[in-house]
Protein chains: 2
Amino acid sequence: MLIFTAIKVKMAQSQELAELIRLHRKVAGLSRIQLAELAGVGKTVIYDIEKGKETIQLDTLQKILKVLNIKIVLTSPLLEDLQNSKNEKG
Amino acid sequence: MLIFTAIKVKMAQSQELAELIRLHRKVAGLSRIQLAELAGVGKTVIYDIEKGKETIQLDTLQKILKVLNIKIVLTSPLLEDLQNSKNEKG
DNA sequence: TAATTATTACTGCCATAACAGCAATATTAG
DNA sequence: CTAATATTGCTGTTATGGCAGTAATAATTA
């Protein structure tokens, strides 16, 4: 488990999707095939993503992220404003 | 600008991508064509997304989100642990 | 109201994402 | 070490996402 220590720093900063997936998969103790089966996608997609492909489809990515317990959060100034004005009421 | 008030609640909860994009586009005062041109994608994609298509490609989505100033953040228990142990050092 | 312009909805075509299958490369057991 | 197993890397094929062009609809103006 120590092997990952090196990756950690890089990971947390870069947010590179490829390494994010790879790290989570490794920590979960899954092979690409296992992850693919759990996510209900082909094994090639896992390979592609970890190779850095950015043109994968959103729903495919979501299936994979779900298995790895990774959440996608969308934020924006507008959304934060809405969130605030909701608490304050208007 | 009040017209959006109704959407707000639904929006903030559902995080539905379609409405998220649509709202941001409207607030920015952009037509689909304008948004498409700014993002460097075809107009059809905007139409598809706002229609609820989930099989768009990640890079295409990112181009659009960038124009609308929406950020994608990925979170997970593992990532939070790494973040914490980084501050405490080990 | 009709005419004009802008925006949105739809369709066929082409490039390619996702797939299955196979080759190459670790990893483990004897 | 070799054999057996697991994992990863790669390729050809196929279904489809993204595109340009067009039709339909909505908004604007006279």
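Keep in mind it's a predicted model, so treat the numbers as computed, not measured. All heavy atoms count here, side chains included; hydrogens, waters and symmetry mates do not.
- Remark: P of D:dA15 and CG of A:Asp59 are 17 Å apart, rounded to the nearest angstrom.
- One finds no side-chain N or O of A:Lys53 lying less than 4.0 angstrom from the OP1 or OP2 phosphate oxygen of D:dG9.
- Here A:Lys51 does not reach the OP1 or OP2 of D:dG9: none of its side-chain N or O atoms lies under 4.0 Å away.
- Put simply, CG on B:Leu30 is 16 Å from P on C:dA6, counting in whole angstrom units.
- Nucleotide D:dG18 holds its P atom 13 Å from the CD atom of B:Gln62, rounded to whole Å.
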- prompt: Going through the distances and angles, do B:Ile64 and B:Ile56 end up as a side-chain contact (heavy atoms from CB on, under 4.5 Å)?
  reply: CA-CA 11 Å; B:Ile64 296 167; B:Ile56 48 168; over 6 Å; no

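- For C:dG21, the base has a donor-acceptor partner in the side chain of A:Lys43 [N/O atoms by modelled type, under 3.5 angstrom].
- In terms of position on DNA chain D, the residue among A:Tyr47 and A:Gln34 whose nearest nucleotide sits closer to the 5' end is A:Gln34.
- The separation between B:Ile46 atom CD1 and D:dG17 atom P is 16 Å, rounded to whole Å.
- When the side-chain nitrogen and oxygen atoms of B:Gln57 are compared with OP1 and OP2 of C:dT16, none of them lie within a distance under 4.0 Å.
- Using a 4.5 Å heavy-atom threshold, the side chains of B:Leu17 and A:Leu74 count as touching.
- Residue A:Arg22 holds its CZ atom at 12.0 Å from CG of A:Leu35, rounded to the nearest 0.5 Å.
- Regarding A:Glu37, its CD atom lies at a distance of 18 Å from the P atom of C:dA18, rounded to whole Å.
- In this structure, B:Ile56 places its CD1 atom 17 Å from C1' of C:dA18, rounding to the nearest Å.
- Summary of the strand contacts: B:Thr44 and B:Thr55 both lie near DNA chain D, and taking for each the nucleotide with the nearest heavy atom, the more 5' one is attributed to B:Thr55.
- Salt-bridge formation is not detected for the pair A:Glu37/A:Lys43: no Lys NZ or Arg NE/NH1/NH2 atom is positioned less than 4.0 Å from an Asp or Glu carboxylate oxygen.
- Taking atom CD1 of residue B:Ile33 and atom C1' of nucleotide D:dG21, one finds them 12 Å apart after rounding to whole Å.
- In this structure, A:Arg25 and A:Glu50 have side chains that are in contact, with non-hydrogen atoms separated by less than 4.5 Å.
- Between A:Arg25 and D:dT8 there is a side-chain polar atom (N or O) within less than 4.0 angstrom of OP1 or OP2.
- Under 4.0 angstrom from either OP1 or OP2 of C:dC19 there lies no side-chain N or O belonging to A:Arg32.
- Between the CD1 atom of A:Ile49 and the C1' atom of D:dT8 there is a distance of 15 Å, rounded to whole Å.
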